[in-house]
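What follows is a short report on a single structure.
Chain A is the first sequence line, chain B the second, and so forth, proteins listed ahead of strands; every chain is numbered from 1.
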Amino acid sequence: MISIRMNDKFLKPYNPGEVEGRIYELWEKSGYFNPDNLPPRHEKPFTIVMPPPNANGDLHAGHSLVITIEDIITRFKRMRGYKALWIPGADHAGFETQVVYEKKLEKEGRSRFGMDPQELYKEIYKFTLENKHNMENQIRALGASCDWSREKFTLDPDVVKKTQKTFVKMFEDSLIYRGKRTINWCSKHQTSLSEVETESSEEITPFYYFKYGPFEIGTVRPETKFADKYVVMHPDDARYSQYKHGDTFEVEWINGPIMATVIKDEAADMEFGTGVMTITPWHSQIDYEIRERHGLDAEQIIDWRGKLLPIAGEFVGMNIKDARPKIVERLKEKGLLLKVDENYKNVVKRCYKCSTIIEPQIKDQWFVKMEPLAKKAIESVDNKNIRFIPDNYEKIFRYWMNNTIDWNISRQIVWGIPIPAWFHEPKCIPKTEREKDMAKCKEIIVSEEEPICKFCDAKYIRDPDTFDTWFSSGQWPLFVTDYPDGKDFKTYYPTDVMETGQDLIFKWIPRMVIFGLYLSGKDPFHTIYLNGMVNDAHGKKMSKSKGNVINPTTLTEKYGTDALRMALVVGNTPATDLSLREDKVKGYKNFANKLWNIARFTMSQHNEGELKNSLVEEFNALAKDVTTDMDNYRFYLAAEKIYAYIWHRLADEIIEESKKDSSILPTTYYLLQNCLKLLHPFMPFITEEIWQELKNKESLLMIETWPT
RNA sequence: GCGCUCUUAGCUCAGUUGGUUAGAGCGUCCGCCUCACACGCGGAAGGUCGCAAGUUCGAAUCUUGCAGAGCGCACCA
């Protein structure tokens, strides 16, 4: 008979604050976060890539959920004997971080405009590194068993180099082009944005009807209309059959008479308004398309700051918001305003960071041709090479992939990876008379190296733009496994599970699939597990302005990390939003203490002898059931089942029974050990702490064999 | 406008391919400081599973319609 001497600390309630740091250190020192150090039984690799958190602030509740789920998966797989690798990272988060930093500058009474770009870059770099360090510690505090030795930052030199290389390759494969197209322009941030960086909402805007020569036209944007010289109607519109395509006529307009031309195009909706519209190709996507079809002129009306250009005559320099009512007033004075519909519902696009109304502009930018890439991604889903949890997200993924718009990857910000493109500015002037083959001089060169003009020896000027952050993070599973020649790439790529927030279904997931397929020919992962958003106790979105933000650190300090982890997981089904309530966390703190006391009692009793078969079998059935849940990503059920067993079966019934029938004592000791194993992925700290006491610090629960 | 999801006890949510008296946590009520634990123990109340119809031997679970909520997408000037 062995009786374990109780450590003094077991006489007090469980104190997570005292335990967690020490246990994490024990794990880190063991080296087992790095799968290369795991014992030989861990043969088959299993890989998860951590969605790199933005290194521009503290982790929020959503991050804790992501980290918790991924840690549960990793720990489970590790105990099951996999060579489990979870690769951490940090994201420079281009535009996001630049916006955060611009706000900081604003507070200090400074502005990015007018700053030396390199100086600005250095400042943001320093800011980001500090945050990155802070963030890593917060991830540690959550118990993450990720391999820090493999950590990557999205601005690491190799990442930058590989990103640029991909750009060059895609350019050579004709998947990237530079072109003038309608882009989403934020006049505040002075950059173009992709579709996913804008937010559309329905708003009520006055709709004006104006007299335009013999026609009546409608618009919500009178301030763009100065140069509208094309009047468009549907070719089949009988009301206007007397007007022929190409007819010209003079109209009295905002600043005097202009020559107008009739254009017949099917884009004009006969049902809408009067069926007639004028177009502003520079500031509207549809208008631009009409322009393309008929080879029309396009003129910029609004500058990059959102102010009117000289074409606006006396309105020049006015902010468009202020100009609108004045222009309407002018048209009214001239008798050209016919009526106003005050209740018109209109879709307005805004910058997702500052809510400034997006101004469509025409600009030379780099675009990725999405269609051929998206097609392959759809094939992967068709062939069941990629599975979504929950599975209805497959539909959403397909919808997006079937409706791609070419992706604008140029950003006019410094904080990002430079685009390896070079412009010959000014144009080539050959240095000798003999060089006359000017046509061969390329104005734009895409290359990782700085080119020099063969004809005039001039250095090319680098494109000052940087990449959209998703262009590099889309290649993340490749980069973190050292694509294309690294040892890890052979062992750990393709990875297994991509676990991330459901909000990234459009932003990140498709791009990883696309780049994975394009560069490696393989899907970057076979399973996509999407978690829901973490809301406040009443299911409302957390936001600073509402003041309902719950800081995970506050909760872990008060109740312990294990308690928070359980609260995040139990009953939380994939892609369903979670209402985070403090009392739930408190409940699991109580559970931690319960477990503590179970251990305390069990360890104080005799524990050697024969096991009771029926109880062992009952436990085995539970373990099997829980394992099935784990294998099927039903963590919300597995956690609840273990909880119920430990508290209401083991403690309430079996241990109580053992007080009357001491022959059960060895069995309770056995059951406790195995419960610790089942519970470890969910509550790693307390289970490891108890294990250390049980095993006299001779083994780590973290790498024990999962009971099945 | 299109799409997705949700509507189960006072609150927050489970209910894994339709199958016996629908579950959990918190909260409420009653009784207990029982020598592991009051961060605890024992017990109790509480739901016509949004509404309506259908399929079925049988539906919270499948189908349709309606109502309400949330989220996403959207170039009708």
Side-chain angles (χ1 to χ4, degrees), chain A residues 6 10-14 182 195-196 198-202 207-209 217-221 224-225 228 232 267-280 284-290 344-347 349 360 390 392-396 398-400 403 405 502-503 505-506 532-533 535-541 559-560 563 566-567 570-573 575-605 625 628-629 632-634 636-641 643-644 647-648 651-652 655-656 658-659 668:
Chain A
M6 261 202 294
F10 270 89
L11 299 174
K12 290 183 223 151
Y14 178 61
T182 309
E195 298 308 314
V196 295
T198 65
E199 273 172 359
S200 302
S201 62
E202 213 169 62
F207 189 85
Y208 304 96
Y209 289 89
I217 58 150
T219 184
V220 290
R221 300 203 61 194
T224 65
K225 297 273 155 205
D228 282 17
V232 184
D269 185 346
M270 291 188 272
E271 309 293 316
F272 186 85
T274 58
V276 183
M277 62 178 172
T278 62
I279 56 166
T280 314
S284 156
Q285 171 73 25
I286 333 166
D287 295 4
Y288 187 76
E289 284 165 12
I290 295 171
Y344 181 71
K345 270 188 200 157
N346 179 33
V347 174
K349 251 192 201 179
N392 63 295
Y393 272 73
E394 182 184 314
K395 238 187 216 173
I396 298 173
R398 281 176 188 278
Y399 178 84
W400 198 80
N403 294 281
I405 298 173
Q502 144 266 337
D503 56 326
I505 186 71
F506 295 136
M533 303 292 99
N535 294 329
D536 76 0
H538 305 288
K540 298 281 174 230
K541 221 177 212 173
Y559 304 108
M566 280 296 271
V570 175
N572 182 17
T573 50
T576 305
D577 289 359
L578 171 80
S579 303
L580 183 58
R581 284 158 303 126
E582 193 164 332
D583 64 353
K584 192 176 176 188
V585 186
K586 192 178 158 195
Y588 290 108
K589 178 194 157 61
N590 294 350
F591 175 58
N593 196 52
K594 183 74 186 181
L595 181 63
W596 190 248
N597 279 293
I598 290 169
R600 173 175 162 181
F601 179 79
T602 307
M603 287 162 76
S604 70
Q605 307 294 315
D625 191 20
T628 308
D629 285 336
N632 290 288
Y633 301 91
R634 294 190 295 254
Y636 57 102
L637 278 185
E640 198 176 356
K641 283 173 186 168
Y643 170 94
W647 198 319
H648 301 300
D652 290 353
I655 289 180
E656 284 309 311
S658 78
K659 289 177 183 171
T668 61

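Dashed line: the shortest gap from a side-chain N or O of A/Tyr636 to OP1 or OP2 of B/G15 is under 4.0 Å. Applying the 4.0 Å criterion to OP1 and OP2 of B/U16, one finds that A/Thr628 has every side-chain N and O outside that range. When the side-chain nitrogen and oxygen atoms of A/Lys594 are compared with OP1 and OP2 of B/C41, one or more of them lie within a distance under 4.0 Å. A close approach under 4.0 Å does occur between a side-chain nitrogen or oxygen of A/His648 and OP1 or OP2 of B/G25. Between B/A77 and A/Asn346, a contact under 4.0 Å exists linking OP1 or OP2 to a side-chain N or O. Of the side-chain N and O atoms in A/Lys584, none sit less than 4.0 angstrom from OP1 or OP2 of B/G25.
Look at the C1' atom in both B/A60 and B/G18: the space between them is 10 Å, to the nearest Å. Distance check on atom P: B/G46 versus B/C66 gives 37 Å, rounded to whole Å. If you take atom C1' in B/G27 and the same atom in B/G72, they sit 35 Å apart, rounded to whole Å.
In this structure, the nucleotide among B/A77, B/A36, B/G25 sitting nearest to the side chain of A/Ala651 is B/A36. When the nucleotides B/C37, B/C75, B/A77 are ranked by their closest atom to the side chain of A/Asn593, B/C37 comes out on top. The listed nucleotides are B/U12, B/U16, B/C41; the one nearest the side chain of A/Ser579 is B/U12. Between B/A36, B/U5, B/C71, one nucleotide has an atom nearer to the side chain of A/Phe601 than all others, and that is B/A36. Closest to the side chain of A/Val347, out of B/A24, B/C37, B/C76, is B/C76. Side chain of A/Thr576, nearest nucleotide from B/A74, B/U5, B/A14: B/A14. Residue A/Gln502 has its side chain nearest to B/C71 when only B/C71, B/C4, B/C76 are considered. Of the candidate nucleotides B/A77, B/A36, B/C75, B/C75 has the atom lying nearest to any side-chain atom of A/Lys349.
Contact annotation for A/Glu271: no contact, since no heavy-atom pair falls under 4.0 Å across all strands. Within 4.0 Å of A/Gly571, counting heavy atoms only, lie sugar-phosphate atoms of the nucleic acid but no base atom. Heavy atoms of A/Phe272 sit under 4.0 angstrom from at least one base atom. Among the atoms of the strands shown, none is found under 4.0 Å from any heavy atom of A/Asp287. Among the heavy atoms of the strands lying under 4.0 Å from A/Gly275 is at least one base atom, whether or not backbone atoms are also near. As judged by a 4.0 angstrom heavy-atom cut-off over every strand, A/Thr573 is placed among residues touching the sugar-phosphate backbone only.
Distance, A/Phe506 CZ to B/C2 C1': 12 Å, rounded to whole Å. Following rounding to the nearest Å, A/Asn590 (CG) and B/C41 (C1') show an atom-to-atom distance of 14 Å. Here the C1' atom of nucleotide B/C35 and the CD atom of A/Gln605 are 11 Å apart, to the nearest Å. Residue A/Trp647 contributes atom CH2, which lies 11 Å from atom C1' of B/A38 at whole-angstrom precision. The distance from atom CE of A/Met566 to atom P of B/C13 is 18 Å, rounded to the nearest whole Å. Rounded to whole Å, the distance from NZ on A/Lys345 to C1' on B/A74 is 15 Å. B/C39 atom C1' lies 8 Å from atom NZ of A/Lys586, rounded to whole Å. Computed from coordinates, the A/Arg600 CZ to B/C35 P distance equals 11 Å when rounded to whole Å.
The closest side-chain donor-acceptor pair between A/Ser579 and A/Asn535, if any, does not fall under 3.5 angstrom.
Remark: A/Lys594 is not positioned above the aromatic ring of A/Tyr643, lacking an NZ or CZ atom under 6.0 angstrom from the ring centre and at most 45 degrees off the axis.
Across the strands present, B/G68 finds its partner in B/C6; the criterion is a Watson-Crick or G-U wobble pair with both atom distances under 3.5 angstrom.
A tilted orientation is assigned to the rings of A/Trp596 and A/Tyr14, their planes being inclined by 30° to 60°.
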